[in-house]
Amino acid sequence: MRRLFIASVAVAALAAAPVLAQDDPMPASIESAVADETRPEADRQLDANRHPAEVLLFAGLEPGWRVVDLAAGAGYYSRVLSTAVGSDGHVYTMNPSWVAERFAETDAGLAAFAGARPNMTHFSSTIETFGTNVGDASLDAAFMVLFYHDTGWDGTDRAAMNTEIFDSLRPGGVFVVIDHHAVAGAGLDVVESLHRIDEASVIEEVTAAGFELDASSEMLANAEDSREISPFDPSIRRQTDRFVLRFRKPD
C-alpha cells in the first residue's frame with residue numbers, strides 16, 4: 001500500500017513540475033568552468049556522460065552563489081562549481097564522516113584542492129549536521145549527486161538531513177538531486193544491493209521537508225538501462241538511467 005501511495009505522490013508531483021529541455025543559452029561562467037584546462041583529465045573524461053554544464057544550467061547557478069556539494073567524493077562537481085561561482089561566491093565541499101574515513105586518500109586530495117582555492121571550504125561531518133560548517137548566511141543551492149541512495153542504508157536520518165538542507169537555503173534556494181533510477185515502485189529496497197533508488201521515494205521525502213518539486217530533466221536518461229543491475233556492472237557503468245530533480249525552497 002505504501003509503495004502505491006509513494007508512486008501516486010510522485011506522479012502528481014512530476015505532473016506539476018516541468019520537464020526542462022536544455023535549450024537555453026549557456027552562461028559564459030558555466031561554459032568556461034567546464035572548459036577549464038586545469039581540471040583533472042579523469043574528470044574531463046566523465047563529462048560526456050555527466051553533462052556538468054547542463055546540470056549547472058538546470059540548477060540556475062549564477063556567479064556569486066554560495067553552494068554546498070554534499071557527499072562530494074573526489075570533488076568532480078566541487079571543482080566546476082568553484083570556478084563557476086567565481087571569487088564572489090563560495091563552495092562548501094563536504095564528505096560524510098564515514099566516507100572521509102573509508103576513502104581517506106580521496107578526501108585528503110579534495111581537502112588539498114579546496115585549501116588552495118580562496119572560495120572553497122572542505123569539511124567532513126554527518127549530513128544531518130553539515131549546516132554548522134557553513135556559517136550563518138543562507139546558501140543559494142545544495143547538490144547531492146549519486147549519493148541519496150546511500151543515505152538509505154548508511155544510517156542517515158533522512159528526515160533530519162532534508163530539514164537541515166531546507167534550513168540552510170535562502171528562500172527560493174534550490175536543492176538538486178541526481179541518482180540512479182531503480183525500478184518504479186522499488187522504494188528503498190535496493191539502495192544497498194543495487195545502489196539505486198526509486199525516484200518517487202526521493203520526491204516524497206524531500207517534499208516532506210517543505211521543498212517544492214520545481215523541475216525535472218531527462219538529460220541523463222537511458223532507456224537501455226533495465227534498472228535491475230548495479231551501476232558498477234561493466235555493461236552499464238557510467239551510463240545508467242539517472243533522474244535529475246530540482247527542488248526549491250518556497251519564497
Side-chain angles (χ1 to χ4, degrees), residues 40 42-43 46 49-50 52 55-56 58-59 61 66-82 85 90-114 120-134 139-169 173-182 188 190-192 194-199 201-203 205-206 209 211 220 230-232 238 240 242-247:
D43 282 11
L46 297 175
N49 292 325
R50 292 195 174 185
V55 169
L56 269 56
F58 174 78
L61 191 83
R66 298 176 72 250
V67 179
V68 63
D69 186 11
L70 298 166
Y76 174 91
Y77 268 101
S78 298
R79 295 168 188 269
V80 176
L81 288 166
S82 171
V85 301
H90 202 88
V91 175
Y92 297 91
T93 177
M94 71 84 67
N95 275 318
S97 300
W98 72 265
V99 173
E101 293 171 3
R102 184 177 298 182
F103 304 98
E105 185 175 346
T106 296
D107 188 71
L110 178 56
F113 178 81
M120 290 186 76
T121 300
H122 175 68
F123 62 92
S124 59
S125 71
T126 65
I127 300 183
E128 302 98 312
T129 61
F130 80 87
T132 60
N133 295 277
V134 302
L139 300 173
D140 298 288
F143 287 76
M144 184 177 287
V145 180
L146 305 182
F147 194 82
Y148 198 105
H149 71 271
D150 286 306
T151 69
W153 63 264
D154 71 357
T156 298
D157 181 337
R158 294 188 308 286
M161 174 188 78
N162 287 321
T163 295
E164 182 80 350
I165 297 168
F166 185 90
D167 290 344
S168 75
L169 293 170
V174 298
F175 177 27
V176 175
V177 181
I178 300 173
D179 217 327
H180 309 285
H181 270 293
L188 278 71
V190 296
V191 292
E192 185 170 13
L194 293 183
H195 294 277
R196 295 174 179 265
I197 191 167
D198 188 358
E199 180 182 17
S201 297
V202 176
I203 293 171
E205 292 185 354
V206 176
F211 284 100
L220 301 180
S230 167
F232 301 109
R238 298 194 175 98
T240 56
R242 285 156 281 170
F243 56 82
V244 184
L245 303 172
R246 187 179 72 216
F247 299 93

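Everything numeric in this text was worked out from a predicted model, so none of it was measured. Basis for what follows: all heavy atoms, side chains included, without hydrogens, waters or symmetry-related copies.
Nearest heavy atoms, D107 versus N95: OD1-ND2, 2.8 Å. Summarising the geometry of H180 relative to F243, their closest heavy-atom pair is O-CE2, 4.0 Å, with the distance given to 0.1 Å. The heavy-atom pair separating A142 from I165 by the smallest distance is CB-CG2, 3.9 Å. The minimum heavy-atom distance linking L194 with P231 is given by the pair O-CD, 2.8 Å. In this structure, A59 and V176 approach most closely via the heavy-atom pair CB-CG2, 3.8 Å. Heavy-atom minimum distance, L110 versus A72: CD2-CB, 3.8 Å.
Remark: side-chain polar atoms of D179 are paired, donor with acceptor, to backbone N or O of H149 under 3.5 angstrom.
Side-chain contact between H90 and V67: absent, with no pair of heavy atoms (C-beta onward) separated by less than 4.5 Å. Side-chain contact between Y92 and L81 is absent, with no heavy atoms from C-beta onward closer than 4.5 Å. Between M161 and M144 the shortest side-chain heavy-atom distance falls below 4.5 Å. Taking the side chain as every heavy atom from C-beta outward, L169 and D140 never approach each other to under 4.5 Å. Put simply, the side chain of T93 does not reach to within 4.5 Å of the side chain of T121, judged on heavy atoms. In this structure the side chain of F247 reaches within 4.5 angstrom of the side chain of V177, judged on heavy atoms. Residues V202 and D198 fail the side-chain proximity criterion, which asks for heavy atoms closer than 4.5 Å. For the pair F130 and V68, the minimum side-chain heavy-atom distance is below 4.5 Å.
Every residue two or more places apart in sequence or in another chain was checked for a salt bridge (Lys or Arg N to Asp or Glu O under 4.0 Å) with R50, and none qualifies. Partners of F232 under the ring pair (Phe, Tyr, Trp, His ring centres under 6.0 Å) rule, at least two apart in sequence or in another chain, are H195. Partners of S82 under the side-chain hydrogen bond (donor to acceptor under 3.5 Å, both in side chains) rule, at least two apart in sequence or in another chain, are R117, N119. Partners of A71 according to the side-chain contact (heavy atoms from CB on, under 4.5 Å) rule, which considers only residues two or more places apart in sequence or in another chain, are P96, F147. Among residues two or more places apart in sequence or in another chain, the ring pair (Phe, Tyr, Trp, His ring centres under 6.0 Å) test is passed with F175 by F211. Applying the ring pair (Phe, Tyr, Trp, His ring centres under 6.0 Å) criterion to H122, with sequence neighbours excluded, gives no partner residue. Taking the side-chain contact (heavy atoms from CB on, under 4.5 Å) definition, one finds that T126 meets it with E128, T129, sequence neighbours left out. With sequence neighbours excluded, the residues forming a salt bridge (Lys or Arg N to Asp or Glu O under 4.0 Å) with D43 are R79, listed by chain and number. Checked against side-chain contact (heavy atoms from CB on, under 4.5 Å), A182 has the following partners two or more places apart in sequence or in another chain: A186, V190, R196. Residues that satisfy the ring pair (Phe, Tyr, Trp, His ring centres under 6.0 Å) test with Y77, not counting sequence neighbours, are absent from this structure. D150 meets the salt bridge (Lys or Arg N to Asp or Glu O under 4.0 Å) test with no other residue; sequence neighbours excluded.
Sorted by first then second residue, the side chain to side chain donor-acceptor pair (under 3.5 Å) pairs that include residues 159-168, not counting sequence neighbours, are Y148-N162.
In this structure, R246 forms a cation-pi arrangement with F58, its terminal cationic atom sitting closer than 6.0 Å to the ring centre and no more than 45° off the ring axis.
Judged by distance alone, the side chains of H181 and T240 never bring a donor and an acceptor atom under 3.5 Å apart. If you check the side chains of S78 and D69, you find a donor sitting under 3.5 Å from an acceptor.
In this structure, I197 CD1 and L146 CG are separated by 12.0 Å, a value rounded to the nearest 0.5 Å. Distance CD/E192 to OG/S230: 11.5 Å, rounded to 0.5 Å. Once rounded to the nearest 0.5 Å, the distance linking OG of S124 with CE of M94 reads 7.5 Å.
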